[in-house]
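For clarity, every value in this text was computed on a predicted model and none was experimentally measured.
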Amino acid sequence: MNLSFELSVEISECYDFNKKSLDKINENIWVKNQWPLVYFLQNDSKKVAYVGESTNFSNRIKNHLANPDKAKAFNQVSIIGSDKFNKSVALDIESKLIQYLSSEGSYELHNGNYGLINHNYYQQDLYKNLFTSIWDKLVENKIVSKSLQEIENTELFKYSPYKSLNENQYNSVIEIMESLTHKKSNQIFIKGSAGTGKTILATYLIKLLISDVSESYKDDFNENEIYEITLIKAFKKKYPKAEIGFVVAMSSLRKTLQNVFSKTPGLKKSMVISPAQTFKKEYDLLIVDEAHRLRQYKNISWRGAFKQCNEKLGLDDSGNELDWIIANSKHQIFFYDSAQSVKPSDIDASNFDKLISDKESIIIELKSQMRSQGGNDYITFVDNILHVKKDKKDKYISDKYDLLVFDSLKDLYAQLEIKEDKYNLCRLIAGFSWPWLSDIRGKTPNAIDIEIEGLKFQWNRTPDDWVSSPNAFNEIGSIHTTQGYDLNYAGIIFGEEIVFNPKTQQIEIIREKYFDKYGKQQTTDEDLKTYIINIYKTMMYRAIKGTYIYACDKNLSAYFKKHIPTYKKESKLRILPFRDVRPYVNSVPIYDIYAVAGGFSDLQIQSEHEAFDWVELPMNVSVTEGYFVCQVLGESMNKRIPDGSWCLFKTYSGGTREGKIVLVEHYNIQDSDFGAGYTIKTYHSEKTTTEDSWIHKSIILKPFSSDSIYKDIILDENDLEELKVIGEFIKILHT
């Protein structure tokens, strides 16, 4: 049964906000019938506003007019109503309006943030477009000017303390408030993986704690709001002039949050501080975001200043930023995820484990995924694939999250640009597999840092809020300029420092190709692998809508493609629905060279034809038993086969191979275009001849490329026994 109904919404005229207008306001159909409604108090000259909801607006507006602050601040009121509204819908619209108006910029919002919680209610999906309709009317009436998408991409919206919390987050806030007011614990730990809303919860909590609730009227609030207000009053009674600091270790994120606080009524830029700034005063409460990035006296560039902070507390070099925070505050709240520790300068997890295990510590866990539309399933998938825990047949398929592996960075960048034009905040991010030649503090600030497939990039030119900087799409960011930020789409480049070993079936790290000098000094190989895996995992958690992957190591790419769908270029070749396939009569199979990982020859003897896609050949090409199609990527044969070409091969069944282009398999082949084990090259044999016979002395697999980096692959007589010629090149079907 398809449930639907027409939803219309009305925004009333602007009534004067004074007692003389009460009779006129009471004649409004929604007010008169005591219908659930949403209202909007405003003052255009002062650019201030307030949003509320009510089922008895006659009483509500009298309460507002009796409040001297509101009577003085506002001079107009508008009413938003519909015959399809109920209490739950009104609450939902109210919370959304508060979220978006607080970040839109036309008005300074005078709402508190208590009671902001996502409301699930009956037939909620039928109302999903209603808020968009309301917002369009507000734009039409010139009350606001920015679109919803424009607002959603702003840092003020992403970190707003007016964000509606989910049930898990809201219950956590209540537990934190109860702990601060009624329990003895000095430390509260909020644990949660990337995307569970730790930073949002932190900003919400700070705004809540400093709220002025002295003039609150119970009739104005729902049950949730009343309880939060009770807890706020208890906190203020316990700490009448509470000193609260928001500690953010990462300088880029700290500056972003300082900007957000400077634009939020009641909050101050000076509340967002570095760990070293905790020495400035005695704090009642320090709230620490991304606590896993607090540092120790190891692999840092500012050792002198660090040592001085330790000395202030009588600590030696074993002292760390966690010690500073505990020493300089009465209570601490740590937002923590050990899996996002990405450098050896990050404090060892054992320091946190000791505090967490203390029986007096309060431990709260966030479980709901707030960032990725793939939800917790995507988070678990990424963790499993990077720790090689996936079943061979387990592949990520989702209609909610766009996850693809690309064989070509050019294709990835082109698709990312399409998403950038549509959504904005789509960025390339890479691991530290390239040195930072363009460091503006160095001698070559205009140098190219990263070049792949002719694409040339510099590392991010600014460390501060890089994701929103004007030229960000033309640059490549790192973990340090993206951790803690939200993107719409992320293009992740797995660099040459991370590879997949097909023999051990494990991901491995190449220390020599990792160029973050402070990220690898004084680390064991196992520790370095942990940091690098954490880096890529954290980067893969950045995006809301989708992640595109390119791996420099072809074996790693092949491993990913076993579990992640591969981007397919649009082709003139027609893939047949399997019901229409008549194998080797009207179609031939498509094989993926890059995903077979050691089993290519097995594909050709499988009887389960539905294991592959089958493609119809052009009219001028006869279908023949043993034919197959592969896409050839790379430039090693570009004088004959352009990069990305779809080519027809026939299974090799004997006969001379001299001078032919062949697809071969050999365990000792290392081809930069294909990864270990496979290559497409021109075949040449050098023979040793006797009176009665001849034997191969060596096989030379020759590139045919305009690029001189491609060299002959030479297999001597000791290697020849393992050589398999898989197929002979017939022709290019499509480029």
Side-chain angles (χ1 to χ4, degrees), residues 187 189 191 194 247-254 273-279 286 288-329 332 334-358 431-436 439 441-442 459 463 478-484 495 497-498 509-539:
Q187 278 111 27
F189 280 85
K191 300 174 73 174
V247 181
V248 183
M250 296 182 295
S251 60
S252 175
L253 183 59
R254 183 167 63 249
I273 58 177
S274 70
Q277 289 173 311
T278 62
F279 285 91
L286 286 176
V288 187
D289 194 30
E290 307 280 355
H292 40 270
R293 296 306 316 275
L294 293 174
R295 287 151 295 199
Q296 58 185 324
Y297 190 71
K298 180 180 180 181
N299 287 24
I300 55 174
S301 58
W302 47 291
R303 296 170 72 86
F306 201 104
K307 185 184 281 286
Q308 288 175 5
C309 286
N310 274 340
E311 289 172 351
K312 290 177 183 178
L313 299 175
L315 300 174
D316 58 20
D317 292 347
S318 64
N320 55 52
E321 291 178 336
L322 179 60
D323 295 323
W324 308 351
I325 288 165
I326 292 173
N328 294 329
S329 59
Q332 306 87 38
F334 299 100
F335 289 84
Y336 178 67
D337 177 17
S338 60
Q340 292 190 66
S341 176
V342 297
K343 294 186 76 173
S345 58
D346 296 344
I347 294 174
D348 291 336
S350 59
N351 289 263
F352 291 102
D353 293 341
K354 183 178 179 180
L355 291 175
I356 291 170
S357 63
D358 189 314
F432 288 107
S433 190
W434 296 270
W436 188 14
D439 185 347
R441 300 165 297 182
W459 285 113
S478 72
I479 183 63
H480 301 313
T481 50
T482 55
Q483 190 170 14
E497 89 285 17
I498 183 168
I509 300 303
I510 302 175
R511 178 181 285 269
E512 295 74 22
K513 294 188 177 182
Y514 185 67
F515 289 96
D516 183 0
K517 65 177 182 178
Y518 290 118
K520 68 179 180 180
Q521 291 175 353
Q522 304 178 55
T523 59
T524 65
D525 288 346
E526 193 58 36
D527 286 342
L528 183 60
K529 179 178 178 179
T530 298
Y531 289 129
I532 291 175
I533 292 294
N534 282 353
I535 285 172
Y536 282 108
K537 189 166 63 170
T538 303
M539 292 194 298

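To the nearest 0.5 Å, atoms CG (Asn328) and CD (Gln277) are separated by 12.0 Å. One distance of note links CG of Leu294 with CG of Asn351; it measures 10.0 Å at 0.5 Å rounding. Atom OG1 of Thr481 is separated from atom CE of Met250 by 10.5 Å, given to the nearest 0.5 angstrom. Atom NE2 of His480 sits about 6.5 Å away from atom CD1 of Ile535, to the nearest 0.5 Å. One distance of note links CD of Glu290 with OG1 of Thr538; it measures 9.0 Å at 0.5 Å rounding. Here OG of Ser252 is found 11.0 Å from CD of Gln483. Values are rounded to the nearest 0.5 Å.
Ring geometry, Tyr297 versus Phe306: the interplanar angle falls from 30° to 60°, so the pair is classed tilted. Between Phe432 and Trp459, the two ring planes are tilted [angle within 30° to 60°]. In this structure, Phe352 and Phe189 have perpendicular ring planes: the angle between them is above 60°, well past the 30° mark.
Proximity of a side-chain donor or acceptor of Lys520 to a complementary backbone N or O of Arg511 within less than 3.5 Å is detected. Between the side chain of Gln296 and the backbone N or O of Asp317 there is no donor-acceptor pair closer than 3.5 Å.
Side-chain contact between Phe279 and Cys309 is present, with at least one heavy-atom pair separated by less than 4.5 Å. At least one side-chain heavy atom of Arg295 sits under 4.5 Å from a side-chain heavy atom of Pro275. The side-chain heavy atoms of Asp289 and Val247, taken from C-beta on, include no pair separated by under 4.5 Å. Asn320 is listed as a side-chain neighbour of Asp323, based on a closest heavy-atom distance under 4.5 Å. For the pair Tyr514/Ile509, no side-chain contact is recorded, criterion being any heavy-atom separation below 4.5 Å from C-beta on. Looking at heavy atoms from C-beta onward, Lys343 lies in side-chain contact with Asp516 at the 4.5 angstrom threshold. You'll find the side chain of Asp346 stays beyond 4.5 Å of the side chain of Gln340, heavy atoms only. Put simply, the side chain of Arg293 reaches to within 4.5 Å of the side chain of Val342, judged on heavy atoms.
Across every non-hydrogen atom of Pro344 and Asn299, the tightest pair is CG-ND2, 3.2 Å. The shortest heavy-atom contact between Ala194 and Asp337 is N-OD2, 3.6 Å. In terms of heavy atoms, Ile300 sits closest to Ser345 at CG2-CB, 3.7 Å.
Using modelled atom types, one finds a donor on one side chain and an acceptor on the other under 3.5 Å when comparing Trp324 with Asn310. Side-chain atoms of Ser350 and Asp348 form no donor-acceptor pair, as typed in the model, at a separation below 3.5 Å.
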